[in-house]
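Side-chain atoms are counted along with the backbone in the values below, which use heavy atoms only and exclude waters and symmetry mates. Protein chains get the first letters and strands the later ones, always in sequence-line order, with residue 1 at the start of each.
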2 protein chains.
Amino acid sequence: MKPTSSELNILTVLWTDGPSTVRHVNDQLNKQRRVGYTNTLKMMQLMHEKGLLIRDESSRSHVYSSAIEPESVKRDMVTQMVDSVFEGSTSDLLMHALGNYKPSKDEIEEIRKMIDRLEENE
Amino acid sequence: MKPTSSELNILTVLWTDGPSTVRHVNDQLNKQRRVGYTNTLKMMQLMHEKGLLIRDESSRSHVYSSAIEPESVKRDMVTQMVDSVFEGSTSDLLMHALGNYKPSKDEIEEIRKMIDRLEENE
DNA sequence: ATTTTACTACGAAATATTTCGTAAATTAAC
DNA sequence: GTTAATTTACGAAATATTTCGTAGTAAAAT
């Protein structure tokens with residue numbers, strides 16, 4: 001699954017706030033940039049048709065929720081990025097991500113643990 | 001700089017093979033997927049207008065090269081990805097990248113070194 | 001010199017993505 | 001019950017991206 005930029009904005013709201021009306025999603029989006037209500041509505045209707053969103057029509061204000069898990073989207077986007085930009089090299093991506101990153105001590109420890117775990121699985 | 005998908009394909013060829021004619025780029029692209037010559041030509045002309053490519057017109061077959069460094073594009077794309085998908089958390093991206101990754105011992109060592117270097121800079 | 005080949009220029013078509021306007025329907029307010 | 005407010009439906013416009021067809025031009029081959 002490779003959502004477009006606008007779709008991703010909507011998904012992020014739903015992942016964060018849970019099932020929501022168009023009104024709520026639109027309000028959240030407008031904290032970042034101006035976007036019209038019918039615009040958001042149309043996007044969410046299209047996403048519903050695509051199977052990206054689930055819609056509960058039982059009440060007048062339809063309640064939408066994400067049909068896909070954030071983990072799966074994140075995984076796919078990392079994979080796609082590695083393939084398209086880093087020529088298949090995950091370690092190259094890691095190098096770049098680490099390159100312009102100032103992690104806290106805690107985060108560094110977390111990363112170390114992750115690597116230790118990887119090493120054990122050989 | 002946030003090149004589109006097609007633009008990225010062309011840039012990758014130029015980064016790998018250096019300054020090239022449209023013919024060469026098109027040949028390389030066709031190893032992956034069918035794409036017409038004029039299609040590639042048009043893309044590269046547009047990219048030239050945008051300032052994404054440099055064009056040497058001295059010989060009949062124009063020779064194009066990338067106007068931007070791969071490092072800078074990679075950096076920008078990682079940043080953009082962190083912002084749009086991982087809500088600003090680089091370590092979240094790292095976790096996902098490490099998550100579905102089976103690195104070799106050498107690569108693990110390389111990553112360790114990178115982390116050690118980060119820790120020193122505190 | 002004539003024909004063939006390869007390339008660029010140009011415009012437009014095709015597709016995908018995003019945005020908007022208007023009408024119809026339902027609920028809420030008065 | 002009428003009016004006002006909110007929501008969805010629908011269609012279309014606007015924009016961005018990708019693909020293609022044709023014509024003109026220069027070089028190469030014969």
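Nearest-nucleotide assignment on DNA chain D puts the 5′-proximal partner with K42(A), out of K42(A) and K42(B).
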N/O contacts under 3.5 Å, protein versus nucleotides 28-30 of chain C?
none

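Taking D17(B) as the reference, H24(B) meet the side chain to side chain donor-acceptor pair (under 3.5 Å) condition, with sequence neighbours excluded.
Taking the side chain as every heavy atom from C-beta outward, I111(A) and M95(B) approach each other to under 4.5 Å. With contacts defined as side-chain heavy-atom distances shorter than 4.5 Å, the pair S20(B)/L14(B) qualifies.
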Subject >> Criterion side chain to side chain contact (heavy atoms under 4.5 Å, CB included) on I54(A) and Y64(A), from CA distance to verdict >> reply: CA-CA 6 Å; I54(A) 294 165; Y64(A) 291 82; over 6 Å; no
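As judged by a 4.0 angstrom heavy-atom cut-off over every strand, V35(B) is placed among residues making no nucleic acid contact. Using a 4.0 Å heavy-atom distance criterion, T38(A) is classed as a base contact. Residue S5(B) is in sugar-phosphate contact alone, with no base atom involved, counting any heavy-atom pair closer than 4.0 Å across all strands shown.
Evaluation of the side chain to side chain donor-acceptor pair (under 3.5 Å) test over residues 34-54 of chain A, restricted to residues two or more places apart or in two chains, returns E7(A)-K50(A), N26(A)-T40(A), H48(A)-R55(A).
First and last contacting nucleotides of DNA chain D toward chain B (any atom under 4.0 angstrom from a heavy atom, 5' to 3' order): dT17(D) to dA27(D).
If you take CG on L94(A) and OG on S89(A), they are separated by 8.0 Å, rounding to the nearest 0.5 Å. Separation of atoms CG (D116(B)) and CD (E109(B)) is listed at 9.0 Å; rounding is to 0.5 Å.
Atom CG in L41(A) sits about 14 Å away from atom C1' in dA23(C), given to the nearest Å.
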Ignoring hydrogens and angles, write down the donor-acceptor pairs under 3.5 Å from the side chains of residues 72-82 of chain A, residues two or more places apart or on other chains.
{"from": "K74(A)", "atom 1": "NZ", "to": "D92(B)", "atom 2": "OD2", "distance (Å)": "3.1"}
{"from": "D76(A)", "atom 1": "OD2", "to": "M1(A)", "atom 2": "N", "distance (Å)": "3.1"}
{"from": "T79(A)", "atom 1": "OG1", "to": "R75(A)", "atom 2": "O", "distance (Å)": "3.0"}

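Contacts between residues 44-63 of chain A and DNA chain D, counted as heavy-atom distances below 4.0 Å, involve Q45(A), R55(A), R60(A), S61(A), H62(A).
Considering T21(A), I10(A), L52(A) as possible partners of M44(A), the one that fulfils the side-chain contact (heavy atoms from CB on, under 4.5 Å) test is I10(A).
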